[in-house]
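Order of the sequence lines sets the chain letters (A, B, ...), proteins ahead of strands, with each chain counted from 1.
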Protein chains: 2
Amino acid sequence: MAEPNQSLPVDLFIDLDRSGPVPLYFQISSRIEQAIHDGTLPPGSRLENEVALGNRLGLSRPTIRRAIQELVDKGLLVRRRGIGTQVVHGKVSRGVELTSLYEDLERSGQKPDTRVLSTEIGEADERMAEELGVEVGSPVLHIKRLRSAGGVPIAILDNVLPADFTDIDLGDLSKHGLYQLLRARGVTMRVAKQRIGARDATAHEAGLLDIPKGSAVLTMSRTAFDNSGRAVEWGQHCYRPDLYSFEMTLVER
Amino acid sequence: MAEPNQSLPVDLFIDLDRSGPVPLYFQISSRIEQAIHDGTLPPGSRLENEVALGNRLGLSRPTIRRAIQELVDKGLLVRRRGIGTQVVHGKVSRGVELTSLYEDLERSGQKPDTRVLSTEIGEADERMAEELGVEVGSPVLHIKRLRSAGGVPIAILDNVLPADFTDIDLGDLSKHGLYQLLRARGVTMRVAKQRIGARDATAHEAGLLDIPKGSAVLTMSRTAFDNSGRAVEWGQHCYRPDLYSFEMTLVER
DNA sequence: GTAGACAATATGTCAGGACAATACAACCTA
DNA sequence: TAGGTTGTATTGTCCTGACATATTGTCTAC
């Protein structure tokens, strides 16, 4: 037999903080996720069933279900009715999230560095108006940056923001990520739509990224919306494909 | 003001089928999704609040919440406590799902065509063993295909499947997608991990895809797991970037 | 010995209620 | 008028309880 699916349900000792602001379901799911990552719950192992887990922790089944659902959505667990809940095989990896390249690099321990190529307050052309949901001709902030890590250029970032943000402090752009600046202004990105593709680099891009002219670049264009559903940012980025790629986990619903 | 957020809650007439096998929350979410797509619920409009919607439809609040949550996860709706639930701005587009290129093409009305380049039953090398979670040397089915649409080559597909599938009918491969064949065998893919990148095409790839040698290709490698968490398929694909790209919606949790 | 019926187990769906946290608007006060 | 306070609307979290449905294993009848 290839897989020891017979493994018994694993006990999880969880201290719950009922007074704090952290939801109970989140405390549970975090603890289980940690157990998966540190090997306490190896791939293929079965979780205790929802009812028993709830009884043991003094929680109701909906709370337990919600905690488990979080991890199912992340692709860490699989549920089968009549069977139980199991840990998915395969090494786990961070998925695509609503973060920026800057944060990606910071998290992976690299030191991001940004060179602002140009900033300009102009009028929205037809394409920008469509992407941002504003009227043609309305003021927009157009930013072009070159993002590096460890002195090596990684990506060319071309972003357009609607009128509300034309007063952004451009000096901060070289020290912080765009998403950090937006969040510091109280903007919370909730939904984004993006498209990932590839094409040959232009001569200008090849020069900036320090790659041979005409070689491949990975492209991503994204429109992000805040929690009122309004478009906050439209970006067209191109990445050095040997230094960056997109990783994600898909879950069938 | 750019956005008329004042719009009143929109009424939805929904016939519920309580006897059928379709869950109530799914009937609700489908109906709302349809209303969004056909313009009954325009971007920015507000939904009735959860309690009122539940009362009017004779459903409990958890059921309504679940229906709405489905659409929030899809990136169609945004919830704000104290405010209500609104339709997201921006045109809606299909996200990355656990489907195959074949199904993508079929759905978009194109006629997919597959040329099987080679099939081979061999032994798993180290990389394959790692990706599929099997032992080195165990039998695997290695398939290489060229996928076209309308006579134009779109992608080179290189797939490896574990021992259980070595008896797959290779003749079907030119008529159906790999995922279709797997599903027909009762295999249900539940989770997949994939990485999207880019690189320069090799001379061989350029020839197959009918593009200039050394120009960019879009690459995707994916490992799919069935509902028991076992690896079912590992694929390394490369696409003509002018004919294919990946589109997705990200939702902050 | 095999096939079908049945029991045990686990998740899936749904109801109804309670209180907390947040955002906004209206109001009142300085 | 400006500023803070209060009130109201709405989603967020959590509880209890019930029944439906899918899967597996066991027991029985033939």
Between [N] ([atom2]) and [X] ([atom1]): distance, integer Å:
{"X": "A:Leu77", "N": "C:dA10", "atom1": "CG", "atom2": "C1'", "value": "15 Å"}
{"X": "A:Leu57", "N": "D:dT16", "atom1": "CG", "atom2": "P", "value": "13 Å"}
{"X": "A:Leu16", "N": "D:dT13", "atom1": "CG", "atom2": "C1'", "value": "14 Å"}
{"X": "A:Glu50", "N": "D:dC19", "atom1": "CD", "atom2": "C1'", "value": "15 Å"}
{"X": "A:Arg190", "N": "D:dG12", "atom1": "CZ", "atom2": "C1'", "value": "12 Å"}
{"X": "B:Gln69", "N": "D:dT11", "atom1": "CD", "atom2": "P", "value": "12 Å"}
{"X": "B:Arg66", "N": "D:dT13", "atom1": "CZ", "atom2": "C1'", "value": "17 Å"}
{"X": "B:Asn49", "N": "C:dC24", "atom1": "CG", "atom2": "C1'", "value": "15 Å"}

Checklist entry - Any idea which heavy atoms bring B:Asn159 and B:Arg145 closest together, and the distance? => result OD1-NH2, 3.0 Å
Checklist entry - What's the shortest heavy-atom distance between B:Ile83 and B:Arg46, and which atoms? => result O-NE, 4.1 Å
Next on the checklist: If you compare every side-chain N and O of A:Thr85 against the phosphate oxygens of C:dA10 (OP1, OP2), does one of them come in below 4.0 Å?
Outcome noted: no
Checklist entry - Can a side chain N or O of B:Arg65 be found less than 4.0 Å away from OP1 or OP2 on D:dG12? => result yes
Checklist outcome for this item: Distance col, row A:Asp38:CG vs A:Glu33:CD, nearest 0.5 angstrom, shows 11.0 Å
Checklist entry - Just how far is it from atom CZ of B:Arg195 to atom CD of A:Glu247, taken to the nearest 0.5 Å? => result 3.5 Å
Set out, line by line, the N/O atom pairs under 3.5 Å between protein and nucleotides 21-23 of chain D.
{"from": "D:dT21", "atom 1": "O4'", "to": "A:Arg81", "atom 2": "NH1", "distance (Å)": "3.0"}
{"from": "D:dT21", "atom 1": "O3'", "to": "A:Arg81", "atom 2": "NH1", "distance (Å)": "3.2"}

Item to check | A:Glu131 versus A:Thr223, side-chain donor and acceptor atoms under 3.5 Å | outcome: yes
Next on the checklist: Side chains of B:Tyr25 and B:Gln69 only: does a donor on one sit below 3.5 Å from an acceptor on the other?
Outcome noted: no
Item to check | Any donor-acceptor N/O pair, A:Gln27 side chain to A:Val22 backbone, under 3.5 Å | outcome: yes
Next on the checklist: Checking A:Val78 against A:Val72 for the side-chain contact (heavy atoms from CB on, under 4.5 Å) test, could you report, in this order, the C-alpha distance in whole Å, the side-chain angles of both residues, the deciding distance, and whether it holds?
Outcome noted: CA-CA 6 Å; A:Val78 172; A:Val72 170; over 6 Å; no
Checklist entry - With sequence neighbours left out, what residues match B:Glu50 under salt bridge (Lys or Arg N to Asp or Glu O under 4.0 Å)? => result B:Arg61, B:Arg65, B:Arg79
Are there any protein N/O atoms within less than 3.5 Å of an N/O atom in nucleotides 14-17 of chain C, and if so, which ones and at what distance?
{"from": "C:dC14", "atom 1": "OP1", "to": "B:Leu24", "atom 2": "N", "distance (Å)": "2.4"}
{"from": "C:dC14", "atom 1": "OP2", "to": "B:Leu24", "atom 2": "N", "distance (Å)": "3.4"}
{"from": "C:dC14", "atom 1": "OP2", "to": "B:Tyr25", "atom 2": "N", "distance (Å)": "3.4"}
{"from": "C:dA15", "atom 1": "OP1", "to": "B:Arg18", "atom 2": "NH2", "distance (Å)": "2.8"}
{"from": "C:dA15", "atom 1": "OP2", "to": "B:Ser60", "atom 2": "N", "distance (Å)": "3.0"}
{"from": "C:dA15", "atom 1": "OP2", "to": "B:Ser60", "atom 2": "OG", "distance (Å)": "2.9"}
{"from": "C:dA15", "atom 1": "OP2", "to": "B:Thr63", "atom 2": "OG1", "distance (Å)": "2.5"}

